[in-house]
Every structure is written in C-alpha cells, then in structure tokens.
Amino acid sequence: MVQVKIEKAKIDQKQTSLLVIGVFENEQDFSQSKELDPAVFASIKETLDNKEFRGTSGSSVLIYTLGKGPMKKIMLLGLGKREKFTDEVARICAGKAAQKAKELGAKEFSILQFSNLDEGLVEAMTEGVTLALYSFDKYKAAEDGKAKIEEVSILINSDSPKFQSIADRADLVVRAVNFARDIGNLPPNDCAPAQLASTALSLAQEYGMKARVIDRYELENMGMGGIVAVGKGSNNPPKLIILEYTGAAGDQKPYLLVGKAVTFDTGGISIKPGEKMDEMKFDKCGGCTVLAVMRAVASMKLAVNVIGIVPSVENMPSSTSYRPGDIIKMYSGKTVEVLNTDAEGRMILADALAYGIATYSPKAVIDLATLTGAAIIALGANVAALVGTNKQLADRLRKLSDRTGEKMWELPLYDEFHEQIKSAYADIRNIGGRPGGAITAAAFLSNFVSDVPWVHIDIAGTAWTQDGTYERSYNPKGATGFGVRTLVKLLMEDEKQP
Ligand code: BES
Ligand code: MN
Ligand code: ZN
C-alpha cells in the first residue's frame with residue numbers, strides 16, 4: 001500500500017512530480033502563490049482570473065511549471081464552498097487527487113493541507129488518499145508498464161511529530177478497511193465458509209489473537225440450530241469463526257462484535273430472482289468488517305478487549321436445505337418457525353449473538369449485517385440503519401458516523417414490532433412481512449441478546465457500491481469496508497475512557 005508522509009515544507013521547496021493545491025470555490029486570491037516562481041504564479045492567476053477554474057467541488061486544472069520550480073506540475077483542485085468544508089469533504093477531495101495522480105501515471109505526488117491544520121484534517125486526507133488508491137485486481141492480468149503510486153506527501157505548516165503519528169494510525173485503519181474489501185470482493189467460488197475461516201485463522205496468527213473455528217458437527221452438538229439449518233443446503237459446510245483480542249486487563253469486560261458472513265445468498269428454497277443475484281457474494285460483508293476491525297485493533301495494540309464472532313454459511317437450495325415450515329430450535333432454546341429461507345441472516349446471527357453473550361458476558365454488543373432489502377427501501381444505499389436496545393451506544397455510533405462519513409441513522413425498535421414476528425406454531429417466526437422489514441429483522445434479533453446493551457447495523461445498502469450509491473472517490477467499485485472506521489473510532493474512545 002502507498003506510504004503517506006507528513007512533512008513541513010513550503011510549497012516552493014518540495015521536489016515532486018505533482019503538487020496538488022486545494023482551492024475553495026470563488027476564492028481567487030490564492031495567497032500561497034506568492035511563494036511560487038513568478039511565471040508559475042502568473043499562470044495560476046490567469047487560470048483563476050479567467051474563471052476557467054472556480055474551485056467548484058470535483059473540478060481540477062493542471063498547470064505545467066516548465067522547469068520553474070521543484071514541482072513538475074501543479075494541480076488546482078476544487079474544494080467547493082468553504083462553509084461546506086468538513087473532514088468528509090477533505091476525504092473525498094484527497095481521494096480525487098489520488099485518482100487523478102494515478103491517471104497521470106505518477107509514482108509519487110504531494111498535497112498541500114487543504115485548510116486549517118488539525119488532527120481531523122490530516123486523518124481525513126490520509127484516509128482519502130489511501131482508500132481511493134485501493135483496487136481489487138486479483139483476477140485481472142497485470143497491466144504492464146503501469147506505474148503504481150508508492151508515496152504521497154501531505155505538506156503541512158507545522159513540524160509537530162504528532163501529525164505523522166495520526167497518519168500512521170490512519171494507515172493501519174485503512175489497511176484493515178482494504179483487507180475487508182479484499183475478502184468482501186472475493187467471488188463466491190473462492191470464498192466459501194471454510195476459506196473465510198482459514199483467512200481468519202491466518203489473521204489471528206499474524207496479529208497474535210486467539211482464534212477458534214467451530215465446524216458443522218460441533219455446531220450441531222452445541223445446539224446451534226440456526227446456523228446448522230441455513231448451512232445444511234450447501235456442500236460447503238458452515239463455520240463459526242471466533243477471534244479474541246485482549247489488549248486490556250483480563251478482567252475488563254470485552255466488546256462483542258458479530259458479523260453476518262453468508263458467502264453466497266441464493267435465498268435457498270425461497271429462491272431469489274436471478275437479476276443481480278451475483279451481488280449476493282457481498283452478503284459476507286458484515287463478517288468481513290468484523291474481521292477487519294479485529295485486525296485494526298490488534299495492529300494498533302488498542303488497550304481494549306474485543307471478541308469478534310462471524311457465523312458463516314452458504315445459503316443454497318438443494319434436497320438437504322431447510323424449508324419454509326421448518327421449526328428450528330435455536331442455541332438459546334427458543335424455537336423459530338421458518339417462513340422464508342431467504343431470511344437466513346437473522347437465523348445465523350441469532351445463534352452467534354446468544355452464544356457470544358453467554359460465553360463472554362460482554363459489556364456491549366454490536367452486530368453488522370447485510371440483513372434486509374428493507375433497510376435500503378427505508379434509508380437508501382448511502383445510509384446504514386441502526387437499531388438497538390441501548391440509546392447511549394446507538395447515539396455514540398451515530399455521532400461517530402458523522403465524522404467518518406460512514407452514514408448511519410437510527411430506526412425505532414418500538415414494542416409493537418414484536419407483534420409482526422409472532423408465530424402460530426413456534427416462539428417466533430423468521431419474517432415480519434413487508435412493513436418495517438428492517439426493524440422487524442432487528443426485533444427478531446433482539447430475542448437473542450438478553451439485556452446486554454446491543455446495537456445492530458444493517459449495511460445492506462452501504463457494504464458495496466450498488467444501484468443508488470453516490471459516487472465517492474474513496475470508495476472504488478465493489479466492497480466498501482463500511483463500518484470498520486467507525487467501529488475502530490468507538491473502540492479508541494473506549495480506550496481513553498473505559
Ligand atoms: N442478504 C439479504 C438482504 C439484502 C438484499 C441485502 C439485497 C442487500 C441487497 C437477506 O438475506 C435477505 O434476503 N433478506 C430478505 C428478508 C425477507 C425475506 C424478510 C429481504 O430483504 O428481502
Ligand atoms: Mn437472504
Ligand atoms: Zn442474506
């Protein structure tokens with residue numbers, strides 16, 4: 001991955017192939033230029049005066065310096081209106097700069113700090129660059145002669161070393177996000193539950209975490225009826241993946257993170273229509289996010305305890321599949337009437353949640369899942385749905401999501417929603433009808449979390465770029481790694497004040 005260096009440097013001193021300078025919309029004064037060679041300054045001034053470039057968000061213009069200065073080219077990059085500038089805008093603009101530099105075939109480039117220096121700005125600019133340069137090319141022939149960007153310098157007006165450590169920390173988090181993307185993007189023929197489990201085991205080995213993978217027969221013996229039922233229809237057996245990271249004293253209660261990893265969701269006997277079914281390879285993204293958060297906290301050596309549990313299955317139709325009408329006894333002892341085999345995510349999460357809570361007595365539980373199409377109907381493809389039993393935890397996540405750009409909005413879990421999942425023949429049923437589908441799915445899960453603070457994040461719309469996804473420089477096509485940055489922030493906050 002690209003290296004980000006934070007340097008104190010004046011803009012007329014940095015030897016670089018490309019210097020990116022952010023310009024706010026309709027701010028033509030451009031005070032920095034006074035340090036540039038007069039000819040280069042004149043050229044920039046001309047561009048600005050002519051209004052060929054106004055600094056609108058996303059626009060850019062290239063200026064060749066023709067040997068008059070240490071930079072070969074300058075790119076003016078529009079930052080949009082100053083009043084609207086946020087860390088998220090910085091992330092998007094830095095990502096755009098990286099994309100353009102890549103198109104230009106640069107091996108290295110530099111960016112001037114976009115706005116007033118603070119930690120959030122340096123973090124966002126680092127993230128924007130490193131997230132945008134991600135690409136999934138494992139299955140493509142190498143394009144020869146194409147340079148890769150190896151180094152990016154962010155030029156700032158301070159020599160405090162703290163900014164480099166901010167960038168280094170952001171780099172570790174982005175490596176984890178890109179890890180989530182790498183496994184999220186894998187095609188389903190190369191990522192069945194067994195492969196996901198072995199990826200998790202190598203991860204644990206590399207970062208010194210405890211790991212355990214529970215196989216099909218053991219799951220059966222343990223009474224994990226939900227995971228076994230969904231896994232039955234496939235020749236690729238289910239796995240329950242557990243990672244334990246201990247960064248704080250052993251007696252400190254851990255966070256429990258649970259992520260849905262359906263490596264391919266055909267719907268099972270209640271089979272899905274064919275259109276876009278290929279996208280159901282992304283139905284493992286909740287699990288990928290959880291594995292990635294474990295990687296991030298371990299690589300950053302955060303002083304917190306975290307357990308990651310990833311139930312993984314392939315949901316297939318076959319003569320051994322579970323069926324509509326089946327009544328399944330879950331790990332918790334509750335019975336579930338299956339009315340649609342396509343509502344499989346909640347079946348596997350229910351067992352993972354109940355098992356995790358019984359085994360680890362966590363202080364809080366967060367699950368992530370591409371759980372319902374209804375979450376996309378409710379909030380679109382750019383906002384994840386938060387539903388939970390703990391106001392404080394939900395509020396914390398929602399507020400952090402404003403900073404990370406991983407947008408989340410809370411939906412209410414009113415008691416009435418439980419009516420919709422009552423069953424005639426079992427304790428509950430696995431679907432609640434169309435109205436409020438994202439909430440009834442959460443109501444189902446709430447049956448398996450006892451009274452531990454719990455928040456569920458439905459990432460059906462945000463886990464990969466899909467119909468309705470806003471184009472964002474730092475989210476290239478495919479899996480986004482949604483949730484990793486926000487959850488790491490939450491755990492970092494906790495490290496400071498447990
Ligand atoms: N993985 C899907 C949800 C999904 C659908 C995510 C489309 C992203 C895009 C989930 O397993 C599912 O099929 N849910 C059903 C639930 C229904 C049967 C109650 C759905 O949303 O249609
Ligand atoms: Mn499904
Ligand atoms: Zn699914």
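Order of listing sets the numbers, starting from 1, for every ligand and every atom in it.
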**OP:** Examine distances only and state if a side-chain atom of Ser234 and a backbone atom of Asn315 form a donor-acceptor pair shorter than 3.5 Å.
**Re:** no
**OP:** Record the part of Gln466 in heavy-atom contact with ligand 1 below 4.0 Å; permitted values are side chain, backbone, both and neither.
**Re:** neither
Subject >> Ligand-side contact atoms (ligand 1) for residue partner Asn340, heavy atom cut-off under 4.0 Å >> reply: 18 (C)
Subject >> Protein-derived N, O or S atoms lying under 2.8 Å from the Mn ion (ligand 2), waters excluded >> reply: 4
**OP:** May I ask you to check whether Lys272 has an N/O atom sitting below 3.5 Å from an N/O atom of ligand 1?
**Re:** yes
Original post:
Under a 4.0 Å heavy-atom limit, does Phe444 contact ligand 1 with its side chain, its backbone, both, or neither?
Top reply: neither
Original post:
Checking Arg181 against Tyr134: charged group under 6.0 Å from the ring centre and within 45 degrees of the axis?
Top reply: yes
**OP:** Fit a plane to each ring of Trp454 and His456, take the angle between them on a 0 to 90° scale, and name the class: parallel (under 30°), tilted (30 to 60°) or perpendicular (over 60°).
**Re:** parallel
Original post:
At a 4.0 Å threshold, what atoms of ligand 1 neighbour a non-hydrogen atom of Thr370?
Top reply: 1 (N), 2 (C), 3 (C), 6 (C)
Original post:
Any donor and acceptor pair, going by atom type alone, linking the side chain of Asn430 with main-chain N or O of Ala343 inside 3.5 Å?
Top reply: yes
Subject >> Side chain Thr359, main chain Gly356, donor-acceptor under 3.5 Å >> reply: no
Original post:
Between the main-chain N or O of Val258 and the side-chain N or O of Asp367, is there a donor-acceptor pair closer than 3.5 Å?
Top reply: no
Original post:
Quick one: do the Glu344 and Tyr322 side chains pair a donor with an acceptor below 3.5 Å?
Top reply: no
Subject >> Side-chain touch Val4/Thr130, heavy atoms, less than 4.5 angstrom >> reply: yes
**OP:** Give the residue, atom name and distance (to 0.1 Å) of the protein heavy atom nearest atom 6 (C) of ligand 1.
**Re:** Ala460 CB, 3.6 Å
Original post:
Within a reach of under 6.0 Å around OH of Tyr139, are more than 12 heavy atoms found that belong to other residues, nucleotides or ligands?
Top reply: yes
**OP:** Check the side chains of Asn447 and Lys334 for a donor-acceptor pair under 3.5 angstrom, ignoring hydrogens and angles.
**Re:** yes
Subject >> Side chain Thr480, main chain Asn475, donor-acceptor under 3.5 Å >> reply: no
Subject >> Residue among Lys489, Arg175, Arg91, Arg169 satisfying salt bridge (charged side-chain N to carboxylate O under 4.0 Å, His left out) with Glu127 >> reply: Arg91
Original post:
Between the side chains of Gln420 and Thr440, does any donor sit under 3.5 Å from an acceptor?
Top reply: no
Original post:
Any idea how Phe282 and Trp464 line up, ring-wise: parallel (<30°), tilted (30 to 60°), or perpendicular (>60°)?
Top reply: parallel
Subject >> Side-chain donor or acceptor of Ser59 paired with backbone N/O of Thr56 under 3.5 Å >> reply: yes
Original post:
Parallel, tilted or perpendicular: which describes the rings of Phe417 and Tyr414, with under 30° parallel and over 60° perpendicular?
Top reply: parallel
Original post:
What atoms in ligand 1 come closer than 4.0 Å to a heavy atom of Glu344?
Top reply: 11 (O)
Subject >> Nearest protein heavy atom with distance in Å, relative to atom 19 (C) of ligand 1 >> reply: Ile431 CG2, 3.4 Å
**OP:** State the atoms of ligand 1, each with its element, that fall below the 4.0 Å cut-off from a heavy-atom position in Trp464.
**Re:** 8 (C), 9 (C)
**OP:** Return the set of protein N, O or S atoms whose distance to the Zn ion (ligand 3) is under 2.8 Å, each given as residue and atom.
**Re:** Lys260 NZ, Asp265 OD2, Asp283 OD2, Glu344 OE2
**OP:** For atom 2 (C) of ligand 1, find the nearest protein heavy atom and state the residue, atom name and distance (0.1 Å precision).
**Re:** Asp265 OD2, 3.6 Å
Original post:
For atom 12 (C) of ligand 1, what's the nearest protein heavy atom and its distance?
Top reply: Asp342 O, 3.2 Å
**OP:** Report the part of Lys260 in contact with ligand 1, treating N, CA, C, O as backbone and CB onward as side chain, heavy atoms under 4.0 Å; options are side chain, backbone, both, neither.
**Re:** side chain
Original post:
Of the listed options (Arg346, Lys276, Met280), which comes nearest to atom 7 (C) of ligand 1 when hydrogens are ignored and any heavy atom counts?
Top reply: Met280
**OP:** Write out the residue and atom name of the closest protein heavy atom to atom 14 (N) of ligand 1, then the distance separating them to 0.1 Å.
**Re:** Leu371 O, 3.4 Å
Original post:
What's the shortest distance from atom 22 (O) of ligand 1 to any protein heavy atom, and which residue and atom give it?
Top reply: Gly373 N, 4.5 Å
Subject >> Contact check: Asp283 vs ligand 1, nitrogen or oxygen atoms, below 3.5 angstrom >> reply: yes
Subject >> Side-chain donor or acceptor of Thr465 paired with backbone N/O of Gly478 under 3.5 Å >> reply: yes
